[in-house]
Protein chains: 2
Amino acid sequence: MSATGKQRPTMADVAARAGVSRALVSIVFRNQPGAGQETRDRVLRVAEEIGYRPDNAARLLARGRSRTLGVMFTVHHTFHADLVEGIYPEAERRGYDVLLSATAPGRDEIQAVEALLAHRCEAVILLGPDAGAARLDELGRRTVAVSVGRRVRDARIDSVHTAENKGVRQAMDHLFDLGHRRIVHIDGGRGPGSAERRRAYGAAMRRYGLQAETRVLAGSHTEESGIEAGRLLVAERERGTPLPTAVLAANDRCALGLLMAFARAGVEVPGEVSVVGYDDSHLSHLMPVGLTTVRQDAVLMAERAVGFVVDRLDEENREPREAVIEPKLVVRDTTGRPAPG
Amino acid sequence: MSATGKQRPTMADVAARAGVSRALVSIVFRNQPGAGQETRDRVLRVAEEIGYRPDNAARLLARGRSRTLGVMFTVHHTFHADLVEGIYPEAERRGYDVLLSATAPGRDEIQAVEALLAHRCEAVILLGPDAGAARLDELGRRTVAVSVGRRVRDARIDSVHTAENKGVRQAMDHLFDLGHRRIVHIDGGRGPGSAERRRAYGAAMRRYGLQAETRVLAGSHTEESGIEAGRLLVAERERGTPLPTAVLAANDRCALGLLMAFARAGVEVPGEVSVVGYDDSHLSHLMPVGLTTVRQDAVLMAERAVGFVVDRLDEENREPREAVIEPKLVVRDTTGRPAPG
DNA sequence: GCGCTCTACTAGCGCGCTCTAGTGCGAGTA
DNA sequence: TACTCGCACTAGAGCGCGCTAGTAGAGCGC
């Protein structure tokens, strides 16, 4: 037993033991015509016996194509988890393998993507990339890539994202129709879709003639930012500034944090403040009360993303495409009429 | 431009352009002695220019060792996310690459692990594996493996887990000392550590002379199971059965679900019922009130897991080892004295 | 008998890299 | 001058596979 662990059997081992050539074993394992049924069975049986399994590295080196898609994601993002779950089956359906590479504290996007490329992924699926257009463009020229969640312009890269403006407009109309006027937005910072959502929020307020009430709190796509925003608002109230009657959060995680902060401070939702999230990740139905949120269809987005890159790999010289998924407001229990007065 | 996308430059391209041999380029990229500083700089500059990057597949094929660790995890488990974040830096520190493979609906553990092995991972780190001892043993004979979170006996596989009995005892003593007697346990089903926790719960109840009060609700390590258990208890109360005064949940996710269900039903925590979680995942501090929970040190567990497999890879014929991490009860706001009467 | 096609199988190159065993050369030593 | 020695560098085998080109043999028509 060597330092590399157990010695892996190779095709040659199988071939020798089955009394055929190496090429024949290769044919059998690729499930290609050119081998008799009897021989096929024997080869497979022998392989099973000696515990042979094809070596991906060698295979992909010889084949020239890895038929592998790389996925860059962030390990704590629940919405990314939803997306990953959608990517696996779709990739498999199209005959591709999937490799995951996470960003984490101390491991940035570049490292994560480089790891994927080093493993010869033919295309990379970037979940909510943070990198700028220039870098994405560079990546897009080097390989086939798609950005999910974040819209990318002026870069040779596909993108799949939600029609943020429509999602926000639905949410804002819902709040406005309920009677809300003092509507605050917690910003998603550099998070995917944040710029669009912020803009759409501003546009909606303007349309209602509420420019004066427009207020964006700095935040991010994390629970912490929701907690912070909640604390800030509560602290303001203690100094005399009234609470907003409604908050449009950066995403569900942020909304969750906000609800927690409000719960701790005894602020009633939706009695005193209405809250709207964004994503409809599986967090949404775990809240004390069901979260009103804008649904992004993770499965559909995953399918489109896989489809985009696979198409580009199969057909030469395809132009990058953009898919805009229709969001849908899901009204649950965190929104209601503002308290009179 | 071929179907595989852009043509990757190879070492030969770099060598030709830099006017050196391919072997020399290899030396430079492996950062090995045998090349002059000037040549080194030139090679690296040329590589940068033509966008060369080493091909992992070829590299690992030639090297015989991949120096890659595979991690099997479940995409929605927040505690797994904590572990993954701990694995990356430790693996890097020891000179290993990390490959992630997720289980998901429609993608079971076997598929996830096979994918890792096909990519020539030298060892696999299994986060909370569900497979039986026989299968793990088989895997352990085929490759170097470690189970994290779940204790494994009678299998050639390392394991890193928390001293569940101590964790549960701390939690139970805490509840008992507060005055609780009607303490219910939501079971983690087949989840890692569940059997040990269930046993420890039973042992504690027996020690207090509370066998008669012992009650285990079937559950799992998900928010849903907490919600279900909560609903069940609330429904029982409506039929006359009093609520327990304290609940020891399967883990934090389960506790979160339980708290949500209680909140929805207007059950006060800890006023009417105290709740204890397990893991101290980053969920813990997001609850409306801080969750009292048993901390498992994710970073330490990750480090030990990586250390175990790397040691086994480096030193031949090492015996499988077991690390038992000391848990620590973190008392926050979901536990208190039971309501008098 | 011949040529033809079809199936079952094999030989052997090459994928991009690592690594061992060299070669060539200037400096140091006797 | 002859010799080592160390350094910079190269030649070339081989990692495990895929794939193209080829062979051997059976079956068939004439």
Side-chain angles (χ1 to χ4, degrees), chain A residues 2-43 47 50-68 95 97 117-122, chain B residues 2-43 46-47 50-68 95 97 117-120 122:
Chain A
S2 78
T4 65
K6 349 280 159 160
Q7 222 53 278
R8 248 179 118 113
T10 73
M11 271 200 172
D13 299 325
V14 179
R17 211 162 193 275
V20 295
S21 73
R22 213 181 36 74
L24 211 263
V25 178
S26 170
I27 286 173
V28 170
F29 268 87
R30 278 176 293 135
N31 212 11
Q32 292 234 322
Q37 190 54 51
E38 203 177 323
T39 320
R40 250 173 232 281
D41 295 344
R42 184 157 37 91
V43 166
I50 66 176
Y52 166 78
R53 65 198 59 252
D55 181 333
N56 234 310
R59 173 171 265 186
L60 121 197
L61 186 59
R63 195 167 38 190
R65 296 197 53 175
S66 65
R67 295 200 74 83
T68 298
D97 216 11
L117 292 180
H119 280 280
R120 270 193 165 235
C121 290
E122 295 182 25
Chain B
S2 79
T4 63
K6 348 281 157 159
Q7 222 54 278
R8 248 178 117 114
T10 72
M11 269 196 173
D13 299 326
V14 179
R17 210 161 194 276
V20 296
S21 73
R22 217 174 31 72
L24 210 261
V25 178
S26 171
I27 287 172
V28 171
F29 268 86
R30 279 175 295 133
N31 211 12
Q32 291 235 323
Q37 190 53 49
E38 202 176 325
T39 320
R40 249 174 235 281
D41 294 344
R42 182 156 36 91
V43 166
V46 167
I50 66 177
Y52 166 79
R53 66 201 58 251
D55 180 334
N56 233 308
R59 173 172 265 185
L60 124 196
L61 185 60
R63 194 164 40 188
R65 295 198 56 174
S66 66
R67 296 198 75 86
T68 297
D97 217 10
L117 292 180
H119 280 280
R120 271 192 162 233
E122 294 181 27

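Order of the sequence lines fixes the chain letters, A, B, ..., with proteins taken first and strands second; residue numbering starts at 1 for each chain.
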*What would the secondary structure line of DNA chain D be in dot-bracket form, counting Watson-Crick and G-U wobble pairs under 3.5 Å, with [ ] for pairs that cross earlier ones and | for pairs with another strand?*
||||||||||||||||||||||||||||||
*For B/N56, what residues pass the side-chain hydrogen bond (donor to acceptor under 3.5 Å, both in side chains) criterion, not counting sequence neighbours?*
none
_With the threshold set at under 4.0 Å for non-hydrogen atoms, list the residues of residues 26-33 of chain A touching DNA chain D in residue-number order._
A/S26, A/R30
Between protein and nucleotides 4-6 of chain D, what N or O pairs are separated by less than 3.5 Å?
none

*Contact boundaries of DNA chain C with chain A (under 4.0 Å, heavy atoms), 5' to 3'?*
C/dA8 to C/dG16
*Relative to the 5' end of DNA chain D, which residue comes earlier, B/R42 or B/R120, by the nucleotide with the nearest heavy atom?*
B/R42
*Pairing residues for B/R40 by the salt bridge (charged side-chain N to carboxylate O under 4.0 Å, His left out) criterion, not counting sequence neighbours*: none
*Can you list every pair that meets salt bridge (Lys or Arg N to Asp or Glu O under 4.0 Å) and has a residue in residues 15-32 of chain A, with sequence neighbours left out?*
A/R17-A/E49
*Apply side-chain hydrogen bond (donor to acceptor under 3.5 Å, both in side chains) to B/R53 and list each qualifying residue two or more places apart in sequence or on a separate chain.*
A/E114
*Between CZ of B/R120 and CG of B/L61, what distance do you get to the nearest 0.5 Å?*
6.0 Å
*May I ask you to list the residues of residues 13-21 of chain B, by number, that have any heavy atom positioned under 4.0 Å from an atom of DNA chain C?*
none
Can you list, pair by pair, the side-chain donor-acceptor contacts under 3.5 Å of residues 31-39 of chain A, counting residues two or more places apart and other chains?
residue : atom : partner : partner atom : Å
A/Q37   : NE2  : A/D41   : OD1          : 3.0

*Within the structure shown, what part of the strands sits under 4.0 Å from A/G36 by heavy-atom distance: base, sugar-phosphate, or nothing?*
sugar-phosphate
*Whole Å only: how far is the CZ atom of B/R59 from the C1' atom of D/dC15?*
15 Å
*Sequence neighbours left out, what passes side chain to side chain contact (heavy atoms under 4.5 Å, CB included) with A/A47? Give chain and number order.*
A/V14, A/F29, A/Y52
*Give B/A35 one of three labels, base, sugar-phosphate or nothing, depending on what nucleic acid heavy atoms sit under 4.0 Å from its own.*
sugar-phosphate
*Partners meeting side chain to side chain contact (heavy atoms under 4.5 Å, CB included) with B/T10 (sequence neighbours left out)*: B/A12, B/D13
*Evaluate the side-chain proximity of A/R8 to A/D55: yes if any heavy-atom separation is below 4.5 Å, no if none is.*
yes
